[in-house]
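To keep things clear, I will list the structure first and then write my remarks on it.
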Amino acid sequence: MDVEKLTDALCEKMGAEQDKYRAWLVSQPPEEILNHTAEYTTREDILMAMDFIELTKAQVSALLDSPTPLADVYKNWSNMDFNLMDNITAAIEDRADTVIRQAEELRKAPIYMESYQYAYQHGEAEQHLASQRANIACRDAIVEAINRHYHDNRLDTGAAVKEVVQQFGYERMFYVLANTVQFMEHESRMTPNNKAWARTVPVVFENGRRDTSYLITGSHPGLLDMFVRDARHEHLLRQPLKAADIKAEATHILERFQAAREPNSPSGTHYMVQVSPDFLARAGSKDTDRLMSMLPFQSLSLSTLEGQKGTYALILKEENRFQPLVLRRPSVRKKLQEKSAVPAAPSEPGKPKAKRKER
């Protein structure tokens, strides 16, 4: 008998052996079936390998001589010196690295601010599609974050916003949110402030129509409005203070000092006004110094108070509270430099300069 026929006979014998093993296995209790799951799967793999392996006539004949060739091969395989956990570990690490790489590609994809028609005509279709994929992924992340951090009728917006920002950054998150809020212009559960903010963010239209593929439709409008509000606030706290911000805080403190009818410190010796927590969160030491220099009080100090939350500006009750802010005057040197930088007007051609008359 040639090797091909011998191999067919061996495969048939091993197949019958596996059928018998399977019939025994399915008759066992569930726990016993689970105990033999790995063995059953490996025996199936051995049978599959028999379809493409090339054995010599002697090898096939040797296996045929065994009453249980499949069980013998499985036993030999299980005694081999290799570490299956290495393969499993490698598979886990490879999958994790793939997810990280894909997430990084989405995070780094720039927002494409042109229509698909423009992108196609200018050879930038892939950039457009990459931006769309990132927008859709960001939309899904916002919905998942809101769902994950909503418990007991309370949304932990800080945790939800942080989760999305870590994946996509503020720019893309705001782009998706602004598109959604603009689309929900007539939704009464969206606050006017959020609607006004959304209108300041430019969006892309396709043939005069808004792209709705990445609009957030899977969240309650009220929860989404809270998410937008706190996302904007968290972003604001990351921005450096401008001169106008410092002046606005100084003006606010001065007005509160002037509005007080009597000293309001616990001891009754000072007037006190709480400094905005948002201002303090954004302020550096130079910003605080500038704030102090704008307030026209000799006894001014910033301090925390026992039993009171926050930081307060305090002045003695004897201070004249009705003084104007101390605004920094423009530098004389800077004015002169600006003036010297302006080129002198050229004289008209053909007209000599007039001579000064001598007396």
Side-chain angles (χ1 to χ4, degrees), residues 106-107 109-116 118 128 131-249 251-252 255 276-279 281-282:
L106 286 175
R107 190 181 68 82
I111 297 176
Y112 193 84
M113 295 299 295
E114 301 290 347
S115 67
Y116 180 77
Y118 176 94
H128 181 280
S131 181
Q132 288 293 86
R133 288 193 294 268
N135 290 339
I136 292 171
C138 183
R139 173 204 66 190
D140 294 342
I142 293 171
V143 173
E144 291 172 8
I146 291 175
N147 292 339
R148 184 178 296 112
H149 295 285
Y150 181 70
H151 303 288
D152 302 323
N153 295 323
R154 179 181 177 275
L155 175 62
D156 186 350
T157 50
V161 169
K162 182 179 179 180
E163 187 174 299
V164 179
V165 170
Q166 286 178 340
Q167 296 179 66
F168 296 96
Y170 278 102
E171 184 181 13
R172 186 171 302 280
M173 180 182 71
F174 281 154
Y175 183 75
V176 173
L177 289 173
N179 267 270
T180 301
V181 175
Q182 287 186 31
F183 186 74
M184 300 171 69
E185 177 67 28
H186 301 294
E187 170 57 62
S188 60
R189 286 166 290 189
M190 281 289 175
T191 56
N193 282 342
N194 281 340
K195 291 178 182 179
W197 163 80
R199 288 192 290 268
T200 68
V201 179
V203 299
V204 177
F205 287 80
E206 294 281 353
N207 298 321
R209 301 182 64 182
R210 185 187 304 277
D211 184 357
T212 60
S213 63
Y214 49 86
L215 298 186
I216 303 167
T217 58
S219 293
H220 187 279
L223 296 179
L224 183 59
D225 185 72
M226 293 170 59
F227 184 95
V228 174
R229 179 199 65 199
D230 284 17
R232 293 172 54 209
H233 184 246
E234 289 297 322
H235 182 257
L236 175 65
L237 296 183
R238 293 170 175 263
Q239 307 309 305
L241 287 167
K242 299 178 181 178
D245 298 322
I246 302 173
K247 182 180 177 182
E249 182 66 18
T251 301
H252 170 75
E255 290 175 348
S276 165
D278 285 359
F279 176 87
R282 300 168 64 188

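Reckoned from all heavy atoms, side chains included, excluding hydrogens, waters and symmetry mates. Count residues from 1 along the sequence.
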Using a 3.5 Å distance criterion without hydrogens, assess whether the side chain of [X] forms a donor-acceptor pair with backbone atoms of [Y].
X      : Y      : value
His186 : Phe183 : no
Lys195 : Glu187 : yes
Asp211 : Ser213 : yes
Asn147 : Val143 : yes
Glu249 : Ser276 : yes
Glu206 : Tyr116 : yes
Gln182 : Ala198 : yes
Asn135 : Tyr214 : no
Thr157 : Asp230 : no

Under 6.0 Å between ring centres, would you say that holds for Phe279 and His252? no
Heavy-atom closest pair, residues [X] and [Y]:
X      : Y      : answer
Cys138 : Val164 : SG-CG1, 4.3 Å
Phe205 : Ser115 : O-CB, 3.9 Å
Met173 : Ala231 : CE-CB, 3.8 Å
Trp197 : Thr200 : O-OG1, 2.5 Å
Leu215 : Arg139 : O-CD, 3.1 Å
Pro221 : Met190 : O-CE, 3.9 Å

Return the [atom1] to [atom2] distance between [X] and [Y], rounded to the nearest 0.5 Å.
X      : Y      : atom1 : atom2 : value
Ile216 : Ile142 : CD1   : CD1   : 3.5 Å
His128 : Ile111 : NE2   : CD1   : 12.5 Å
Leu223 : Ile146 : CG    : CD1   : 6.5 Å

I want to check something: taking the side chain as every heavy atom from C-beta on, are [X] and [Y] in contact at a cut-off of under 4.5 Å?
X      : Y      : answer
Glu163 : His149 : yes
Arg133 : Ile136 : no
Arg189 : His220 : yes
Phe174 : Val201 : no
Leu177 : Leu224 : yes
Arg210 : Val203 : yes

Mind telling me whether Tyr118 and Tyr112 have parallel, tilted or perpendicular rings, with 30° and 60° as the class edges? tilted
Going by the rule salt bridge (Lys or Arg N to Asp or Glu O under 4.0 Å), which residues pair with Asp245 if we only count those two or more places apart in sequence or in a different chain? Arg282
Please test Ser131 against Met113 for side-chain contact (heavy atoms from CB on, under 4.5 Å), starting from the C-alpha separation and ending with a verdict. CA-CA 9 Å; Ser131 181; Met113 295 299 295; over 6 Å; no
Among Arg229, Arg199, Arg232, which residue satisfies the side chain to side chain donor-acceptor pair (under 3.5 Å) criterion with Asn194? Arg232
Would His151 and Asp156 count as having a side-chain donor-acceptor pair, cut-off 3.5 Å? no
Report yes or no: do His235 and Gln239 form a side-chain donor-acceptor pair below 3.5 Å? yes
Applying the side-chain contact (heavy atoms from CB on, under 4.5 Å) test to His233, which of Val228, Val161, Asp278 qualifies? Asp278
Greater than 12 external heavy atoms within 6.0 Å of Glu114's CD: yes
